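Everything quoted here is computed from the prediction, not taken from an experiment. So you know, we letter chains A, B, ... as the sequences are listed, proteins then strands, and number each from 1.
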Amino acid sequence: MPSNYFDKMYDYAVQLINAGLAYVCDLSADETREYRGTLTAPGTESPYRKRTIEENLDLFLRMKNGEFGDGSKVLRAKIDMTSSNINLRDPVMYRIMHADHPHTGNKWCIYPTYDWAHGIEDSIEKITHSICTLEFEDHRPLYDWFLEQLKIHHPRQIEFARLNLTFTVLSKRKLLQLVEEKYVSGWDDPRMPTISGLRRRGYKPEIIRNFCEKIGVSKANSTVDFALLEHCIREDLNVTSNRYMGVLRPLKVVIENYPDEKEEELTAVNNPADPNSSSRVVPFSKVLYIEQDDFMENPPKDFYRLAPGREVRLRYAYFIKCINVIKDSNNNIIEVHCTYDPETKGGNAPDGRKVKATMHWVSAKHAKKIEVRLYDRLFTSEFVENEKDNWKSCINPKSCEVLKESFCEPYIANLKLDERFQFERLGYFCADSKDHTIENPVFNRIVQLKDAWEKIKKKMGNSIIN
RNA sequence: UGGGGCGUAGUCAAGUGGUAAGACACGGGACUUUGAAUCCUGGAUGCGGAGGUUCGAGCCCUCCCGCCCCAGCCA
């Protein structure tokens, strides 16, 4: 915290004045700019550059004591107005600002600039290496110069490229706009690449750390593929999280040959990826919900889920076969009627017959209604930086889809509040830290599972989307 | 067109004179009670380009090209 060192910094500034290496300058901000020169033209020395040490000492003290107005004077380092590095053209060390500071209140009316404060803080804290981003490479000679003149502990500044990610923005300036212009719900919106956003989304700290180790550190400006972050999330959650069944977009299934009032409790493994996993019980009955995407009336060749006349497995339950489809007056499918094979309880057929698909489901009678928020990448453009001023027009309109008519198995009531879990075949989810309650559960999708079927659909040109 | 950086596969990234690691993505196959996971498997005759030094160059030298940053009393 720089403000902890304001006294020390002041003393160091006096030390530089005494060494004839700093002076009080009365040039206005505009004049200072003119005197500084340009990228190709050298600057000219300030008329106040030759003030005596005594005069500088006096003026600087009076600056500190509040005798001068904002912007009327600054303290500058005396380096080289002709330097090809503009940062060395007598940079400002202190400016007058009669403003309250969040930590020091009204004690000070002169405040140090970044370049002056930075190295001193590092030095006082006995840092050995000071890591920062590429744009400060030009400042390193100045960082070194101050520490050199002060003859104090001299840490080494090393610059690296900052992290960029595809399909998102990370600059504070842009993030602020997203918040202020209400493109997102706040700094902790689960789509935001902020710490609070990532946390609310359900990313675990160790996942982020692992991701950072994988991408490495270099000086090359680069943009890491968002898919790598998603991979790291899945890699971790796959082995650490329990599976439950939830149906996002429900389609009613009626098992015609299943007794009306009958109920069964079926055993399901909580985490198949963990050999020591415990298990739970899932209720089964005559009327179920399955995912709308898991049924097609006229399926293409590569679709191997439920369709008329076709048999599939309901996970941990039975084989069912579609025998009829019920539609409303608009020709929308509202119910799928099936028969089940009692011999296949648990999911295996004694006669050894195979089934191509295994589907998730919930018992309608026992299901808990939940709200689900499906988050996706915030932008549609891979390299948002390249969009220049158009970047906001690339915001993904489908980056947050809210489903209020989803259902899940009753076991969800036992969920720990910070538990990340998988809805089988869908993705990883967690309870929203702000809006979730036991009565009205709200779940955020952390990341989808990889979806081979989605790829096949794309290859087929999306022509068979129902 | 001053100065400071960077350029190895679609995206990251090792490599520091001895004959192009790895990850993700992508393609092919196996397996599968998650179209997940897992397991095999394919891809740079080539390291921005051109010359040069060397028995040998992504690494050294020269020139060229491209991209990023700097003219705040911002950080």
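Within the nucleic acid shown, A:A220 comes within 4.0 Å of sugar-phosphate atoms alone, with no base atom in reach, counting heavy atoms only. Nucleic acid contact for A:Q422: base, since at least one base atom lies under 4.0 Å from a heavy atom of the residue. Here A:R305 lies in heavy-atom contact (under 4.0 Å) with a base. Nucleic acid contact class of A:L27 (heavy atoms, under 4.0 Å, all strands): base. Heavy atoms of A:Y111 sit nowhere under 4.0 angstrom from any nucleic acid atom. When heavy atoms are screened at a 4.0 angstrom cut-off, A:E424 is found touching base atoms of the nucleic acid. Counting non-hydrogen atoms under 4.0 angstrom, A:V217 reaches the backbone sugars and phosphates but no base. Residue A:Y94 is out of contact with every strand shown, counting any heavy-atom pair closer than 4.0 Å. A:D302 comes within 4.0 angstrom of a nucleotide base, judged by non-hydrogen atoms across all strands. Within 4.0 Å (heavy atoms only), A:G216 reaches no atom of the nucleic acid at all. When heavy atoms are screened at a 4.0 angstrom cut-off, A:S218 is found touching the sugar-phosphate backbone but no base atom. The residue A:Y316 sits close to a base: some heavy atom pair falls under 4.0 Å. Within 4.0 Å (heavy atoms only), A:V224 reaches sugar-phosphate atoms of the nucleic acid but no base atom. Across all strands, A:S28 comes closer than 4.0 Å to base atoms (heavy-atom distances).
Taking atom P on both B:G48 and B:G10, the two are 13 Å apart, rounded to the nearest angstrom. Atom name C1', nucleotides B:U34 and B:G27: the rounded distance is 23 Å, in whole Å. B:C24 and B:A20 are spaced 23 Å apart, taking the P atom of each and rounding to whole Å. When the P atom is compared between B:G43 and B:U53, the two are found 34 Å apart, to the nearest whole Å.
Nucleotide B:A14: unpaired (no Watson-Crick or G-U wobble partner with both distances less than 3.5 Å). For B:C60, the paired nucleotide is B:G52, the pair qualifying as Watson-Crick or G-U wobble because both relevant distances are below 3.5 Å. Across all strands shown, B:C70 is found opposite B:G2 as a Watson-Crick or G-U wobble partner, with both distances under 3.5 Å. Of the nucleotides present, none pairs with B:C47 by Watson-Crick or G-U wobble criteria with both distances under 3.5 Å. In this structure, B:A25 forms no base pair with any nucleotide, since neither Watson-Crick nor G-U wobble geometry is met with both distances under 3.5 Å. Using the Watson-Crick or G-U wobble rule with both distances under 3.5 Å, B:A20 pairs with nothing in any strand shown. Base pairing annotation: B:A36 forms no Watson-Crick or G-U wobble pair, as no partner gives both donor-acceptor distances under 3.5 Å.
Taking only side-chain atoms of A:D225, from C-beta outward, the nucleotide of B:G35, B:G2, B:A25 with the closest atom is B:A25. Residue A:V74 has its side chain nearest to B:C73 when only B:G35, B:C73, B:U34 are considered. For A:L228, the listed nucleotide lying nearest its side chain is B:C24; candidates were B:C12, B:C24, B:G5. You'll find that the side chain of A:A227 is closest to B:A25, out of B:A71, B:A25, B:G5. Which of B:G3, B:A75, B:A13 sits closest to the side chain of A:S222 comes down to B:A13. The side chain of A:T358 lies closest to B:U34 when the candidates are B:A71, B:C69, B:U34. Closest to the side chain of A:L449, from the set B:A36, B:C24, B:G35, is B:A36. Among the nucleotides B:U34, B:A71, B:A75, the one closest to the side chain of A:T38 is B:A71. Proximity note for A:T40 (side chain, C-beta onward) versus B:U34, B:A75, B:U1: the nearest is B:U1.
Taking atom CD of residue A:E213 and atom P of nucleotide B:A23, one finds them 16 Å apart after rounding to whole Å. Note: NZ (A:K356) to C1' (B:A36) measures 14 Å, nearest angstrom. Atom P of nucleotide B:C24 and atom CD1 of A:I207 are separated by 16 Å, given to the nearest angstrom. The distance from atom NE2 of A:H118 to atom P of B:C74 is 17 Å, rounded to the nearest whole Å. We find that CG of A:L39 is positioned 11 Å from P of B:G3, with the value rounded to whole Å. Protein atom CD1 of A:I215 is 15 Å distant from nucleotide atom C1' of B:A14, rounded to whole Å. Put simply, CZ on A:F383 is 6 Å from P on B:C12, counting in whole angstrom units. In this entry the distance linking CG of A:N238 with C1' of B:G35 reads 15 Å, nearest Å.
A:F6 and A:W108 have perpendicular rings, their planes meeting at more than 60° on a 0 to 90° scale where under 30° would count as parallel. In this pair, A:F407 and A:Y289 present their aromatic rings parallel. The plane angle is below 30°, not in the 30 to 60° band. Ring geometry for A:Y111 versus A:H101: interplanar angle under 30°, hence parallel rather than tilted (30 to 60°). Classified by interplanar angle (parallel below 30°, tilted 30° to 60°, perpendicular above 60°), the ring pair A:H139/A:F136 is perpendicular.
Distances shown here put a side-chain N or O of A:K450 below 4.0 Å from the OP1 or OP2 atom of B:A37. For the OP1/OP2 pair of B:A37 and a distance below 4.0 Å, the side-chain nitrogens and oxygens of A:R243 include no atom meeting the criterion. Regarding contacts with the backbone of B:G72, a side-chain N or O of A:R36 is found under 4.0 angstrom from either OP1 or OP2. Between A:R33 and the phosphate of B:G72, there is a side-chain N or O to OP1/OP2 separation shorter than 4.0 Å. The side chain of A:K455 contributes an N or O atom lying less than 4.0 Å from OP1 or OP2 of B:G27. Taking only side-chain nitrogens and oxygens, A:T113 never comes nearer than 4.0 Å to OP1 or OP2 of B:G72.
The pair A:D11-A:K8 does not meet the salt-bridge criterion, since no charged nitrogen lies less than 4.0 angstrom from a carboxylate oxygen. Between A:K455 and A:D451 there is no salt bridge, since no side-chain N of the basic residue sits under 4.0 Å from a carboxylate O of the acidic one. A salt bridge links A:E454 and A:K457; the closest N-O separation between the charged side-chain nitrogens and carboxylate oxygens is under 4.0 Å. Salt-bridge annotation for A:E67 and A:K73: absent, with no side-chain N of the basic residue lying under 4.0 Å from a carboxylate O of the acidic one. Between A:E291 and A:R425 no salt bridge is recorded (no basic side-chain N to carboxylate O distance below 4.0 Å). Contact check on A:E45 versus A:K50 returns a salt bridge, with a Lys/Arg side-chain nitrogen under 4.0 Å from an Asp/Glu carboxylate oxygen.
For B:G35, the base is stacked against the aromatic ring of A:W453, per a cut-off of 5.5 Å between centres and 30° between planes.
With hydrogens and angles ignored, no donor-acceptor pair closer than 3.5 Å exists between the side chain of A:R425 and the base of B:G35. In terms of polar N and O atoms assigned as donor or acceptor, the side chain of A:H360 never comes within less than 3.5 Å of the base of B:A36 in a complementary pairing. In the interface, the side chain of A:D451 is not paired with the base of B:G35 through any donor and acceptor atom under 3.5 Å apart. With hydrogens and angles left out, the side chain of A:E382 and the base of B:U11 share no donor-acceptor pair within 3.5 Å.
In terms of modelled atom types and a separation under 3.5 Å, the side chain of A:T113 and the main chain of A:V92 share a donor-acceptor contact.
B:G28 adopts an anti glycosidic conformation, its chi angle falling more than 90° from 0.
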